[in-house]
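Order of listing sets the numbers, starting from 1, for every ligand and every atom in it. One-based numbering along the sequence shown.
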Amino acid sequence: MFSFYKDKKILITGHTGFKGTWLALWLHTLGADVTGYALEPDTEPCLFTAIGLDSKINSVFGNILDNVKLEKVFNDFQPEIVFHLAAQPLVRRSYDEPVLTYQTNVVGTLNVLEAARKCESVKAFVNVTTDKCYENKESDYAYKETDVLGGYDMYSSSKACSEILSASYRNSFLNGQQGGYNLATARAGNVIGGGDWAPDRLVPDCIKSLVRDENIELRNPVSIRPWQHVLEPLSGYLMLGEKLFGSCEYACGINFGPHPENVYKVSYVAQKIIDLWGSGALKTVKNNDSMHEAKILTLDINKAKSLLGWEPVYTIDEAIEKTVEWYKNFYQNSNMYDLSIAQIKEYERKLNGKTASKPC
Ligand SMILES: NC(=O)c1ccc[n+]([C@@H]2O[C@H](COP(=O)([O-])OP(=O)(O)OC[C@H]3O[C@@H](n4cnc5c(N)ncnc54)[C@H](O)[C@@H]3O)[C@@H](O)[C@H]2O)c1
């Protein structure tokens with residue numbers, strides 16, 4: 001599986017972030033020639049440094065709003081496939097910095113699409129958006145790709161704009177045009193896994209509290225999210241990138257989420273983290289925040305199943321186990337490059353087993 005990527009030239013934007021670092025590492029292990037373009041890491045600790053990614057791939061620090069530098073990287077590297085993950089991905093920050101959020105997620109995305117269009121080597125482009133791009137009706141309905149886009153907060157709506165931008169860009173410049181690339185969007189839910197230290201995310205908040213021996217404070221313990229291990233949507237992005245490389249049939253928006261039975265409350269995930277960590281306690285705190293947070297959000301993943309043959313392989317408990325294993329090892333000063341590779345290999349074995357056992 002994924003042997004297609006051996007020696008392929010891959011450009012990842014956002015390779016210093018949580019998902020981008022895992023994706024770059026995975027592609028590196030598959031033998032791909034990887035270049036990353038992103039801002040320098042902005043958390044301490046961070047996954048990019050913890051696994052020493054800068055010595056494994058060609059890493060360029062730059063802003064996607066800097067067209068000149070961005071286009072130079074495309075020209076110099078001549079990528080065949082682009083995974084665009086660079087973004088301002090935090091809902092809370094989008095309240096504080098709406099302009100930066102829109103500049104990065106909409107104008108920045110347009111810059112990357114344009115740089116790719118000027119570079120003839122690019123054959124496929126996966127634009128990573130989010131499950132939050134749908135107009136949320138706050139019901140247990142699972143959103144399909146054909147549902148109305150929306151977004152209550154500036155982050156969510158900027159990603160809905162990125163979806164609209166991608167569809168419009170495809171219509172205007174790519175579909176049926178000679179030399180254009182195949183462009184798809186990937187809509188995934190909340191991911192968990194080792195190495196995330198971003199502010200205002202459940203797992204990093206839990207780990208930071210546990211390390212400091214403090215109670216884990218939950219503002220919205222009963223909120224329901226489509227949690228999945230970070231390698232799950234990344235395996236979907238890899239499948240999508242491969243298919244897109246060969247056919248425009250896959251140039252569309254696709255959801256990547258857990259099976260419906262794996263959609264759990266915030267409090268379940270936090271308590272499981274405590275159990276596996278071996279200490280800690282939950283404390284529900286009053287939410288004095290005026291920031292809107294969706295109570296429930298679930299995705300329909302039938303399109304990914306039927307079009308790509310993709311489906312998640314970890315249960316929620318396995319996803320949390322892998323996550324806590326990673327952080328425990330980090331704080332015990334283990335070799336995190338080796339551990340992260342081992343987690344990727346373990347995931348691949350499970351994915352191969354699942355694919356192999358499927359009836360024809
Ligand atoms: N983490 C999640 O649960 C989740 C869920 C759904 C969708 N997503 C999407 O996945 C993608 C990656 O998310 P993440 O969790 O890894 O975020 P992250 O914050 O860990 O990483 C973001 C990356 O984008 C880069 N970046 C930000 N602004 C930039 C700019 N102006 N120029 C160049 N690079 C810039 C950062 O340097 C970093 O490498 C984002 O598009 C996000 O919206 C994430």
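For the pair Lys8 and Phe245, the cation-pi criterion (under 6.0 Å, within 45° of the ring axis) is fulfilled. The cationic atom of Lys72 (NZ for Lys, CZ for Arg) does not lie both less than 6.0 Å from the six-membered ring centre of Phe77 and within 45° of the ring axis.
In this structure, Ala188 has a heavy atom closer than 4.0 Å to ligand 1. At least one heavy atom of Leu85 sits closer than 4.0 Å to an atom of ligand 1.
Contact annotation for Leu39 and ligand 1: heavy atoms of both the backbone and the side chain come within less than 4.0 Å of the ligand. Of all the heavy atoms of Asn105, none lies under 4.0 Å from any atom of ligand 1, so neither backbone nor side chain is involved. Within the 4.0 Å heavy-atom criterion, the part of Arg201 lying near ligand 1 is the side chain and not the backbone. When non-hydrogen atoms are compared, ligand 1 lies under 4.0 Å from neither the backbone nor the side chain of Lys132. Proximity of Tyr155 to ligand 1, defined as any heavy-atom pair under 4.0 Å, is confined to the side chain (atoms from C-beta onward).
Here the heavy atom of the protein found nearest to atom 4 (C) of ligand 1 is Lys19 NZ, 4.0 Å.
Distances from atom 24 (O) of ligand 1 to the heavy atoms of Ala38, Gly17, Ala87, Gly62 put Ala87 nearest. Of the candidates Cys133, Gly189, Ala186, Gly189 brings a heavy atom nearest to atom 5 (C) of ligand 1.
Here Trp197 and Tyr327 bring their ring centres to under 6.0 angstrom of each other.
Of the polar atoms of Asn63, at least one N or O is found under 3.5 Å from an N or O of ligand 1, judged by distance alone.
Glu321 places none of its side-chain heavy atoms less than 4.5 Å from the side chain of Tyr314.
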